[in-house]
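Only one structure is covered here, and it is reproduced in the block below.
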Number of protein chains: 2
Amino acid sequence: MTPRKAVEHELSRERILEVAREQFVQHGYRDVSMRGIAKELGYSPGSLYYHFREKADLFSAMTAEDFSQLDGLLEEAVSTSPNPGRDRLELIFLSFIRFGLENKRSFELMFLIQEPGLDCYTTQSKMGSYEKFFIAVNESLQVINNTDLAKNVELIWVLFLSLHGFVSFYIHSDQSFDDIAKLADLHIQLLLRGLM
Amino acid sequence: MTPRKAVEHELSRERILEVAREQFVQHGYRDVSMRGIAKELGYSPGSLYYHFREKADLFSAMTAEDFSQLDGLLEEAVSTSPNPGRDRLELIFLSFIRFGLENKRSFELMFLIQEPGLDCYTTQSKMGSYEKFFIAVNESLQVINNTDLAKNVELIWVLFLSLHGFVSFYIHSDQSFDDIAKLADLHIQLLLRGLM
DNA sequence: AGTTTTATTAAACACTGTTCAAATTGGGGG
DNA sequence: CCCCCAATTTGAACAGTGTTTAATAAAACT
């Protein structure tokens, strides 16, 4: 009927991402359909494919924002704590866990979702985010416990996986960060003790 | 045309599970369709719904077998190591990781898949499996480091999550257990040191 | 033999992501 | 000022999904 709308109402990438974010955060990746997003926008399904190659593309454009938020928190943890000792390490770990539990759906979308044809979009963001984590932790680790970097590479990776395991579980519970703050601390202390 | 087959060729739960397992292990939960399973069996899609309420039901009936295999390995780890010290703990952790990496698809199906309407089937199996883990670890922990059980409850849970994080990542890589055995050991040593 | 139960089928329903020819609008060049 | 072209949107279509259901035939029981 109206194959093109007035230019002032034209669809923009930003507007799509806005609505998409809302729906992805509320319902997760699988239960959001391109048709649903288009409907909410008042457009037809096909129009989305003019602005994004596919669902995975639209999705990853959205999560990129979350990754940079996490990056910011890690930088903050580093700059907040004056010297790179044990306290900073504790803060980094805690920041990671807190981010996950205060943004459960985001964390799930960033790290836990894996669909065919999504990897090629999300891998870069993930690697970038881990790099931030690595650099921050490595600096502290070399001060606390002056091992060579080669050994740290593996150690930091294992630490990351451990934190990841913790967060990944509580993502799917309905407990808040505050509810499990003590447990998070126990986890962190376990790792720190193992580090010394 | 032939609304019922000769009794000697009747479809059985076991036969369905056999084919389903094959397909689920090969392609994962999402990429296996009821139509595909039925086709492989030479039956129509609807017939599966006579034997199982839904896809999730069929699926969980299949994973139940994997859970009991894991249970067996944990029991073996306990009975193999003579006394419940640090060595047994190490063996328990290693057994868990090894199981995950030598049965990647199974582990994924058991722990990592979550679909709407699947939880009600899989929760019991998961809890049962964790209970085995808990009892085994608790016994060792009380010997090594005689803390009260109340404290152990949280500690063991956190250990489980940590191991889980490690395995969950490598499930999706194409590295074998042997490839990352050294890294697994590093992870385990980190946890054990934190425990002392 | 007649009746009931059990197992199976095909078709249908309501979804999904994606593609594409067609159609209309807005802007730039002549 | 007008025309054409490029940009943008549409709706139908395709191939797929899990699940439901009436019909149906074989088997089991009486």
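When reading the values below, keep in mind they use all heavy atoms of this one structure, side chains included, and skip hydrogens, waters and symmetry mates. We name chains A, B, ... by the order of the sequence lines, and we start the count at 1 in each one.
Taking 4.0 angstrom as the limit, Y50(A) places a side-chain polar atom (N or O) nearer than this to OP1 or OP2 of dT8(D). H51(B) has a side-chain polar atom (N or O) that falls below the 4.0 Å cut-off from OP1 or OP2 of dT8(C).
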Check nucleotides 13-16 of chain C against the protein and report each pair of N or O atoms closer than 3.5 Å, with its distance, or say if there are none.
unit_1	atom_1	unit_2	atom_2	d
dT16(C)	OP1	S33(A)	OG	3.0

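Of the two residues near DNA chain D, L48(A) and Y29(B), the one whose nearest nucleotide lies more 5' is L48(A).
What you find for L191(A) and S162(A) is that their closest heavy atoms are CD2-OG, 3.6 Å. Across every non-hydrogen atom of F169(B) and L161(A), the tightest pair is CB-CD2, 3.5 Å.
Looking at the side chain of S47(B), the nearest of the listed nucleotides dT9(D), dT19(C), dT8(C) is dT8(C). Among dA7(D), dT9(C), dT19(D), the nucleotide with an atom closest to any side-chain atom of S44(B) is dT9(C). In this structure, of dT9(D), dT19(C), dG18(D), it is dT19(C) that holds the atom nearest to the side chain of Y49(A). Out of dT9(D), dT19(D), dT9(C), the shortest distance to the side chain of E54(B) is found at dT19(D).
In this structure, R15(B) places its CZ atom 17 Å from C1' of dT8(C), rounding to the nearest Å. The NZ-C1' distance, from K39(A) to dT9(D), rounds to 18 Å in whole Å. One atom, CZ of R53(A), and another, P of dG17(C), lie 17 Å apart when rounded to the nearest Å. As a whole-Å value, the separation of Y43(B) OH from dT9(C) P is 7 Å.
Of the charged side-chain nitrogens involved, none lies within less than 4.0 Å of a carboxylate oxygen, so that K55(A) and E115(A) do not count as a salt-bridged pair. Using a cutoff of 4.0 Å between basic side-chain nitrogens and carboxylate oxygens, R98(A) and D178(A) are not scored as salt-bridged.
Between Y29(A) and F24(A), the angle of the ring planes stays under 30°, which puts this pair in the parallel group of the 30/60° scheme. In this structure, F133(A) and F93(A) have parallel ring planes: the angle between them is below the 30° cut-off, well short of the 60° mark.
Every side chain to side chain contact (heavy atoms under 4.5 Å, CB included) that S173(B) has, sequence neighbours left out, goes to K104(B), Y170(B), Q175(B).
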